[in-house]
Amino acid sequence: MKKIITIFGVILITSFILSNCVSNSETKGADSSDSENTTEKSTVPELSEEFLGNYHGIQPGYFMKNQYGDDMLIAGNKVPVPSSDFKFLLKENNVVSLQQTSLEDNSRYYYDGNYKIISDGPEFIKTECSLNDGQGSSPTYILEISKSDKTGKCIGKTNEPEFKISKIK
């Protein structure tokens with residue numbers, strides 16, 4: 001009887017030790033993947049200091065388009081969008097802000113978000129700016145900036161006309 005109890009005791013202790021080893025190795029695996037994710041986040045490419053700062057441009061007025069590229073109509077009338085003044089502020093840590101001012105009534109809209117570099121060629125650098133006003137509007141703009149003179153263009157992703165931008169000194 002004592003032999004049976006001893007055997008069960010050894011089996012119980014062995015299974016306890018083995019389950020702790022498996023649990024620790026799973027935790028170590030999770031810890032190493034967390035450190036890999038942290039490393040990935042810290043290696044996200046950022047703009048060099050010379051490209052950080054304010055970029056200004058004026059988007060001309062246009063008629064709103066639907067998802068198919070046709071003019072949007074309300075009560076048979078095209079929906080006009082007035083000309084707007086855009087000021088992008090590209091900051092460290094891939095942070096971007098936008099102040100958009102309507103040139104019709106001077107109303108201002110503010111957006112915050114992040115940018116990511118989508119191409120870095122010999123002449124131009126392209127960033128995708130994903131913005132949000134905190135109230136449901138989430139526009140995305142592509143800024144294509146010339147490396148030589150810090151001018152370029154802003155391209156909207158929702159059937160908006162592109163327009164010229166330049167860095168404010």
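FYI, side chains are in, hydrogens and waters are out, and symmetry mates aren't considered; it's all heavy atoms of this structure.
The local environment of CD in Glu49 is sparse, with at most 12 non-hydrogen atoms from other residues, nucleotides or ligands closer than 6.0 Å.
With respect to the salt-bridge test (charged N to carboxylate O, under 4.0 angstrom), the residues Glu50 and Lys150 qualify.
The distance from the NZ atom of Lys116 to the NZ atom of Lys126 is 13.0 Å, given to the nearest 0.5 Å. The NZ atom of Lys91 lies 10.5 Å from the CG atom of Asn114; values are rounded to the nearest 0.5 Å. The CZ atom of Arg108 lies 11.5 Å from the OG atom of Ser102; values are rounded to the nearest 0.5 Å. Interatomic distance, Glu128 CD to Ser130 OG, rounded to the nearest 0.5 Å: 4.5 Å. A distance of 7.0 Å separates OG in Ser138 from CG in Asp133, rounded to the nearest 0.5 Å. One finds the NZ atom of Lys65 at 10.5 Å from the CE atom of Met72 (value rounded to the nearest 0.5 Å).
Lys147 places none of its side-chain heavy atoms less than 4.5 Å from the side chain of Phe124. Residues Lys157 and Ile142 meet the side-chain proximity criterion, which asks for heavy atoms closer than 4.5 Å. Between Asn106 and Thr101, the closest side-chain pair of non-hydrogen atoms falls below 4.5 Å.
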Next item on the list: Test Thr151 against Ser146 for side-chain contact (heavy atoms from CB on, under 4.5 Å), laying out the working first.
Entry: CA-CA 5 Å; Thr151 63; Ser146 167; 4.3 Å; yes
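Under the 4.5 angstrom side-chain criterion for Ile, Leu, Val, Met, Phe, Trp and Tyr, the cluster partners of Ile58 are Leu103. Counting Ile, Leu, Val, Met, Phe, Trp and Tyr side chains that sit under 4.5 Å apart, directly or through other members, Ile165 shares a hydrophobic cluster with Leu47, Phe51, Leu52, Tyr55, Phe86, Phe88, Leu90, Val96, Leu98, Tyr109, Tyr111, Tyr115, Ile117, Ile125, Leu131, Tyr141, Leu143, Ile145, Phe163.
Remark: of the listed residues Cys154, Ser83, Pro82, Pro161, Pro161 is the sole one forming a side-chain contact (heavy atoms from CB on, under 4.5 Å) with Gln59.
The shortest heavy-atom contact between Lys78 and Asp71 is CE-OD2, 3.1 Å. Annotation for Lys167 and Gly53: closest pair CE-CA, 4.3 Å, computed over non-hydrogen atoms.
By the criterion of side-chain heavy atoms lying less than 4.5 angstrom apart, applied directly or through intervening Ile, Leu, Val, Met, Phe, Trp or Tyr residues, Ile74 is not grouped with Phe63; the two fall into different hydrophobic clusters.
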